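Below is one structure, written out as structure tokens, with a few remarks after it.
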Amino acid sequence: MNIVEKNIAGTTENEFSNGVSNDDAKKALELLLKWIGDNPGREGLKETPKRILKAYKEWFSGYNQNPLEILSKTFQEVEGYKEMISLKDISFHSFCEHHFAPIVGKVHIGYIPNKKVVGLSKLARLVEVFAKRLQVQEKMTAEIGNCLQTNLDCLGVGVLIEGEHHCMSSRGVKKHGSIMKTMHFTGVFLNDTEKKNEFIRSIS
Ligand code: ZN
């Protein structure tokens, strides 16, 4: 797993993120506004670079978060529960790293615990950590699955992501409504088709 540590979230005016000052980032955005054919000096656009930086701090806040911290608190008093736990329809909003265009969709997660479980909201927060970075859907699917497998030491994890890629729906081939599905399995799911099917059924 690749944990990129950058300092985007939490920076304020005149601060630096990853060695780049907010001022320099704003200048780059002004240049981009000019490049698309507009005038960055006109009233409506004057504050736009500043607003874009603020939005980026939120959209890319995942670079500043450590998924291991999110999964550090687990519960063991579960009376020996050992069946699948699944959470479906975790909405996410990310950006594709090839076009800087939104990827919008849902993540479904299932895992079979090995003595310890994690709070449900932590699964949703884990999705946020990986979604709030530039992404490739295949990679994000594997990252979530592998992170859970390693840190919960569970018997197996299934992750299914459904994403609409705006780089394909609003430009290029312009196919609106096409949904890309990716799946990642670990542990017992790898060789157990019945378990895989149980996961798929639980999130359908
Ligand atoms: Zn793309």
Side-chain angles (χ1 to χ4, degrees), residues 1-11 17-20 22 24-38 40 45 48-67 70 87-110 123-150 157-186 199-200 203-204:
M1 186 184 42
N2 181 23
I3 302 163
V4 184
E5 290 195 350
K6 288 185 183 173
N7 185 25
I8 292 180
T11 57
S17 172
N18 213 18
V20 180
N22 282 6
D24 280 347
K26 270 193 262 176
K27 277 180 199 142
L29 287 165
E30 278 165 14
L31 206 60
L32 206 53
L33 287 171
K34 203 171 171 187
W35 182 81
I36 62 172
D38 216 315
L45 289 181
T48 296
K50 191 174 155 191
R51 282 189 289 261
I52 293 175
L53 287 195
K54 197 173 170 208
Y56 276 15
K57 281 177 193 172
E58 189 178 335
W59 286 334
F60 299 110
S61 57
Y63 285 114
N64 221 25
Q65 289 171 358
N66 185 347
I70 291 169
L87 185 62
K88 69 172 191 171
D89 295 341
I90 308 165
S91 61
F92 77 94
H93 187 287
S94 188
F95 284 85
C96 101
E97 70 179 34
H98 300 137
H99 300 94
F100 226 91
I103 308 172
V104 181
K106 289 171 180 173
V107 178
H108 314 285
I109 298 173
L123 295 180
R125 285 189 60 203
L126 187 69
V127 168
E128 282 293 285
V129 169
F130 291 112
K132 294 280 183 271
R133 299 174 181 190
L134 286 174
Q135 272 296 359
V136 172
Q137 187 175 318
E138 294 90 329
K139 181 176 145 201
M140 179 170 145
T141 314
E143 280 178 331
I144 293 169
N146 293 341
C147 187
L148 276 170
Q149 175 63 54
T150 307
V157 181
V159 180
L160 192 154
I161 300 186
E162 298 173 273
E164 182 174 0
H165 291 238
H166 287 217
C167 57
M168 181 179 158
S169 58
S170 69
R171 60 162 289 287
V173 289
K174 297 192 184 74
K175 293 297 175 199
H176 185 74
S178 298
I179 305 292
M180 178 178 179
K181 286 192 185 187
T182 46
M183 280 178 256
H184 184 77
F185 293 100
T186 68
F199 167 63
I200 306 282
I203 59 165
S204 300

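Please read these numbers as outputs of a predicted model, since none were measured by experiment. For the numbers below, each heavy atom of this structure counts, side chains included, while hydrogens, waters and symmetry mates do not. Whatever order the structure lists them in is the order used to number ligands and atoms, beginning at 1. Nothing fancy with the numbering, it's 1 onward along the sequence.
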message: Under 2.8 Å from the Zn ion (ligand 1), is there any N, O or S atom belonging to C167?
response: yes
- prompt: Of the non-hydrogen atoms in H108 and E162, which two are nearest, and what is the gap between them?
  reply: NE2-OE1, 2.6 Å
message: With respect to the Zn ion (ligand 1), please indicate if H165 possesses an N, O or S atom at a distance under 2.8 Å.
response: no
message: So that I can check it, does any N, O or S atom in H99 come closer than 2.8 Å to the Zn ion (ligand 1)?
response: yes
query: Is there a donor-acceptor pair closer than 3.5 Å between any side-chain N or O of E164 and the backbone N or O of G177?
result: yes
query: Can E143 and H184 be said to form a side chain to side chain donor-acceptor pair (under 3.5 Å), step by step?
result: CA-CA 9 Å; E143 280 178 331; H184 184 77; over 6 Å; no
Donor-acceptor contacts, no H, no angles, side chain residues 95-105, under 3.5 Å, sequence neighbours left out:
none

